[in-house]
Each structure stands twice: as structure tokens, then as C-alpha cells.
Amino acid sequence: MGLLRIMMPPKLQLLAVVAFAVAMLFLENQIQKLEESRAKLERAIARHEVREIEQRHTMDGPRQDAALDEEEDIVIIYNRVPKTASTSFTNIAYDLCAKNRYHVLHINTTKNNPVMSLQDQVRFVKNITTWNEMKPGFYHGHISYLDFAKFGVKKKPIYINVIRDPIERLVSYYYFLRFGDDYRPGLRRRKQGDKKTFDECVAEGGSDCAPEKLWLQIPFFCGHSSECWNVGSRWAMDQAKYNLINEYFLVGVTEELEDFIMLLEAALPRFFRGATDLYRTGKKSHLRKTTEKKLPTKQTIAKLQQSDIWRMENEFYEFALEQFQFIRAHAVREKDGDLYILAQNFFYEKIYPKSN
């Protein structure tokens, strides 16, 4: 006995397809609304936490008038460049803050805009310098360098940062926008659903993989001047180099993150005591990896390297790498393949006048 095959009429098939499409659009719209609601809730919680701190401060009496100990009056700003292992490093700071007795604060700008308005710059500088309840403080966020001296601040914060090979950073960011990472795997990303590989994007001349997208690390170090964000500006690169040398305490590279952490622990133990051991032997909960990432071919890399923008970003990266390796060479010694921090290598003598 033959099997009966029930065929749906063409009109019903069309209606089913349309209904399915409408349902998917409805679900996407609901997901978007949920994400917006989550963001509003996070902002509301942050404002509530700030109000609680301010209320406690009011009850306990103002602390601004009381001078802080030198060791306590410290603020670090980590103006994170996206996709340079910034979340991985920041999570180490979160893991250590209770033990080492300092505060960690995320600078969340609208739409992750790295350039602040002039009025927000003033507010930010005032917050950083006068909010003694949050000192010692570790501030982190995707913002470009801001020169505190131009606002008349007597004691500037300590800037640190990490940068990455420019093509590797762009590839990671490309796949991150499509597939996210293992840190928040359920979060819907902006380009989710786009299955095109980075190689295919470059071959087709897509906007998400264009050489102009490489222009990010230079402006982050250059700052808030308009020329900093002029893609391919030689002045911007020179200013970024100047700031890296003169305004940053230490700039590491993603490829040598452990050494960066080791140097920070040696130089700033108030914040980073225990960081190296945590990175080496901890549960690695701080590590974050972009999913579905495919390495680009040699042909793709060669095509991007023909761009003047890549040459400038790569020159800046090599400049930062050379500076980091120079600092490391004078701070550590190698034994049996491992690095060890050098002990104090200076002392005082011939001290006059002699005490009786």
C-alpha cells in the first residue's frame, strides 16, 4: 500500500513562509527591546550605586578636605583599545581589587564613542580628581587619551594601555561583531547572521574589513584633537608616539601580555600584587576568546599591507613594541627560560653633612 503524500497548496505555502518571516522579525524586535532594557537597567543600577556612595559620604562627613596618604591618592586610567585582550586584563583588576583594597570603575560611553564632548571632559576630569571615595581607583573604558594638564589638574592620573598587531586586531574585531566570544556567548552581536569570512570580505572590498578600519590604535593614543581622527594623518601618528613615551606609564602588547602584567606588579604592587600568579596559575576566568575566528590567508594579509594606513598603524605598533621590550630588558633577567624581576639596583652613598 503506497504512502499518502499530503501536499500543501501553493497559497498556503506562501502564507506559511510569510508567517514565519513575520515571526522572525517579531522575535528579533523583541530581542532588541530586551537588550535596550538591559542596557537601561545597567545604567540605572550604576546611578543607584553612585548615589549610595555619595549618601554614605555625606553621612560620614566630607573626605575631600582630608588629605589622602600618598599611596592612596592614586588613579590609574586604562583607556582600552577594543580587541587587544582588554577584557582579559581588566578582569584581573576586578579579581584583585577586594584583596588589594582599591576600586574598579568602568567608563561606559554612549554607543562606545571614544571621543567625549568638551563638557563631559570637564565632568570626567573633575570626577577622577576629586572623588576620593573611589581612590585608589582603576578606571577603564574605550576612550581616547585625555590630557588632564590642560584642565589645570595638579596631580595627573597614571595611564596604561595594551596594543596589538593591527591586522590581528581587525580580524578579531571582525569576527567578534558576528559571533561574539566565550565571555557572553548568548549576547546578540551587531553583525550576527553574516557568515562571510574575513578573506571573502577583503576580496570583495567590504567596508567592515577596509584598511580605514585599521585606524584605531593611533587615534586612541593621539587623543581628542580633530586631527587624531583624520585617517592617515602623519601628525596624529607623531602625537600618538609622543603621548606613548611621555604620558603613559607603561604600554604592553597583547602578544606579550604576561610580561606586561609582571612589570605592572613589580612597579605598582599597590594595585597588581598577585597579578602574575593569578594570570599563570588561576582558573583563567579572565581569559576571553572570540569564537568562530578564522585566520586570514597570506594573500589577504598582503593586500591589506599595501595600504598606507596599515603602514602607519604598523609603524606605531612596532614603535610601542620596541619601547616595551626596552623597558622589559632593563627590569627583568632570564634564567632557565623564565623571567624574574630584578631587585633594586641603586643605592645612596656619600651623604653629607654627616650626622653627629
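The figures that follow rest on heavy atoms only: side chains count, while hydrogens, waters and symmetry mates do not.
- Side chain of E258 to main chain of Y279: no donor-acceptor pair is present (N/O by atom type, distance under 3.5 Å, no hydrogens or angles).
- Put simply, the side chain of P219 reaches to within 4.5 Å of the side chain of W229, judged on heavy atoms.
- No side-chain heavy atom of V253 sits under 4.5 Å from any side-chain heavy atom of T84.
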*I would like to know whether K83 and E168 meet side-chain contact (heavy atoms from CB on, under 4.5 Å); could you show each step before the answer?*
CA-CA 9 Å; K83 305 313 298 176; E168 290 183 6; over 6 Å; no
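- Taking CD of E200 as the start and OG1 of T300 as the end, the distance is 9.5 Å to the nearest 0.5 Å.
- At most 12 heavy atoms of other shown residues, nucleotides or ligands fall within 6.0 angstrom of atom CG in L295.
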_Go through it in stages, so that I can follow the logic: the residues are E315 and R234, the test is salt bridge (charged side-chain N to carboxylate O under 4.0 Å, His left out), and I'd like the CA-CA distance, side-chain angles, deciding distance and then a yes or no._
CA-CA 11 Å; E315 180 181 335; R234 173 63 60 172; 3.6 Å; yes
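- Contact detail for A275 and I261: the closest heavy-atom pair is CB-CG2, 3.5 Å.
- No side-chain donor-acceptor contact under 3.5 Å links Q305 to the backbone of W310.
- In this structure, E322 places its CD atom where only 12 or fewer heavy-atom neighbours from other residues, nucleotides or ligands lie under 6.0 Å away.
- The two residues F272 and I160 have their closest heavy-atom pair at CZ-CD1, 4.3 Å.
- Applying the side chain to side chain contact (heavy atoms under 4.5 Å, CB included) test to Q299 and every residue at least two apart in sequence or in another chain returns T297.
- Below 30°, between 30° and 60°, or above 60°: for F324 and F260 the angle between ring planes is between 30° and 60°, a tilted geometry.
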*Would N113 and T109 satisfy side chain to side chain donor-acceptor pair (under 3.5 Å), going step by step from the backbone distance to the final call?*
CA-CA 6 Å; N113 186 355; T109 59; over 6 Å; no
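- Side-chain contact between N230 and W235 is absent, with no heavy atoms from C-beta onward closer than 4.5 Å.
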*Would V75 and W131 satisfy side-chain contact (heavy atoms from CB on, under 4.5 Å), going step by step from the backbone distance to the final call?*
CA-CA 10 Å; V75 171; W131 201 1; over 6 Å; no
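- Using cut-offs of 30° and 60° for the angle between ring planes, the F198 and Y174 rings count as perpendicular.
- Checked by atom type and distance alone, the side chain of E265 pairs as donor or acceptor with a backbone atom of T276 at under 3.5 Å.
- Using a 4.0 Å cut-off between charged nitrogen and carboxylate oxygen, E70 and K155 count as a salt-bridge pair.
- Surrounding CG of N345 are at most 12 heavy atoms belonging to other residues, nucleotides or ligands under 6.0 Å away.
- A distance of 4.5 Å separates OH of Y352 from NZ of K354, quoted to the nearest 0.5 Å.
- You'll find the side chain of I77 stays beyond 4.5 Å of the side chain of Y145, heavy atoms only.
- Within the structure, the salt bridge (Lys or Arg N to Asp or Glu O under 4.0 Å) test picks out the following pairs touching residues 102-129 (sequence neighbours left out): D120-R123.
- Not a single donor-acceptor pair under 3.5 Å links the side chain of S144 to the backbone N or O of V115.
- In this structure, CG on D277 lies 10.0 Å from CG on L96, to the nearest 0.5 angstrom.
- Side-chain atoms of S307 come within 3.5 Å of backbone atoms of I309 as a donor-acceptor pair (strictly under, hydrogens ignored).
- Separating the CD atom in E247 from the CD atom in Q239 is a distance of 8.5 Å, to the nearest 0.5 Å.
- Ring centers of F346 and Y348: under 6.0 Å apart, within the cut-off.
- Every side chain to side chain contact (heavy atoms under 4.5 Å, CB included) that Q121 has, sequence neighbours left out, goes to M116, L118, L146, F151, H224.
- Remark: the backbone N or O of T129 is paired with a side-chain donor or acceptor of K135 at under 3.5 angstrom.
- Here K335 pairs with R333, Y340 under the side chain to side chain contact (heavy atoms under 4.5 Å, CB included) rule; sequence neighbours left out.
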*L214 and V231: side-chain contact (heavy atoms from CB on, under 4.5 Å), yes or no, with the steps?*
CA-CA 9 Å; L214 292 166; V231 178; over 6 Å; no
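- With sequence neighbours excluded, the residues that form a side chain to side chain contact (heavy atoms under 4.5 Å, CB included) with P136 are E72, Y102, R270, F271.
- Smallest separation of non-hydrogen atoms from V104 and C97: CG2-CB, 3.6 Å.
- The heavy-atom pair separating I218 from A240 by the smallest distance is O-CB, 3.5 Å.
- From R328, atom CZ reaches atom CG of D259 across 4.5 Å, with rounding to the nearest 0.5 Å.
- Around the OH atom of Y242, the shell of radius 6.0 Å holds no more than 12 heavy atoms that belong to other residues, nucleotides or ligands.
- F220 is listed as a side-chain neighbour of P82, based on a closest heavy-atom distance under 4.5 Å.
- Listed here is the closest heavy atom pair of W215 and E313: CA-OE2, 3.4 Å.
- In this structure, the side chain of K303 engages the main chain of V202 through a donor-acceptor pair within 3.5 Å.
- Under the 30°/60° scheme for interplanar angles, the aromatic rings of F138 and H140 are found to be tilted.
- The side-chain heavy atoms of Q306 and P211, taken from C-beta on, include no pair separated by under 4.5 Å.
- Residue I143 holds its CD1 atom at 4.0 Å from CZ of F124, rounded to the nearest 0.5 Å.
- Listed by first then second residue, pairs satisfying disulfide bond (SG atoms under 2.5 Å apart) with a partner in residues 228-275 read C222-C228, not counting sequence neighbours.
- Listed for the D69 side chain is no donor-acceptor partner under 3.5 Å among the backbone atoms of E71.
- In this pair, F148 and Y159 present their aromatic rings perpendicular. The plane angle is above 60°, beyond the 30 to 60° band.
- Side-chain contact between I76 and L268: present, with at least one pair of heavy atoms (C-beta onward) separated by less than 4.5 Å.
- Looking at every heavy atom in both residues, P269 comes nearest to N100 through O-ND2, 4.4 Å.
- Contact check for R280 versus M262: side-chain heavy atoms found under the 4.5 Å cut-off.
- Test K196, R178, K213 against D208 for side chain to side chain donor-acceptor pair (under 3.5 Å) and you get one pass: R178.
- Of the possible donor and acceptor atoms, one in the side chain of E255 sits under 3.5 Å from a partner among the backbone N and O of D165.
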*Checking side-chain contact (heavy atoms from CB on, under 4.5 Å) for the pair H106/T90: CA distance, chi angles, key distance, verdict?*
CA-CA 10 Å; H106 179 215; T90 302; over 6 Å; no
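- Although no hydrogens or angles enter the test, the distance criterion places no donor-acceptor pair under 3.5 Å between the side chain of H142 and the main chain of P114.
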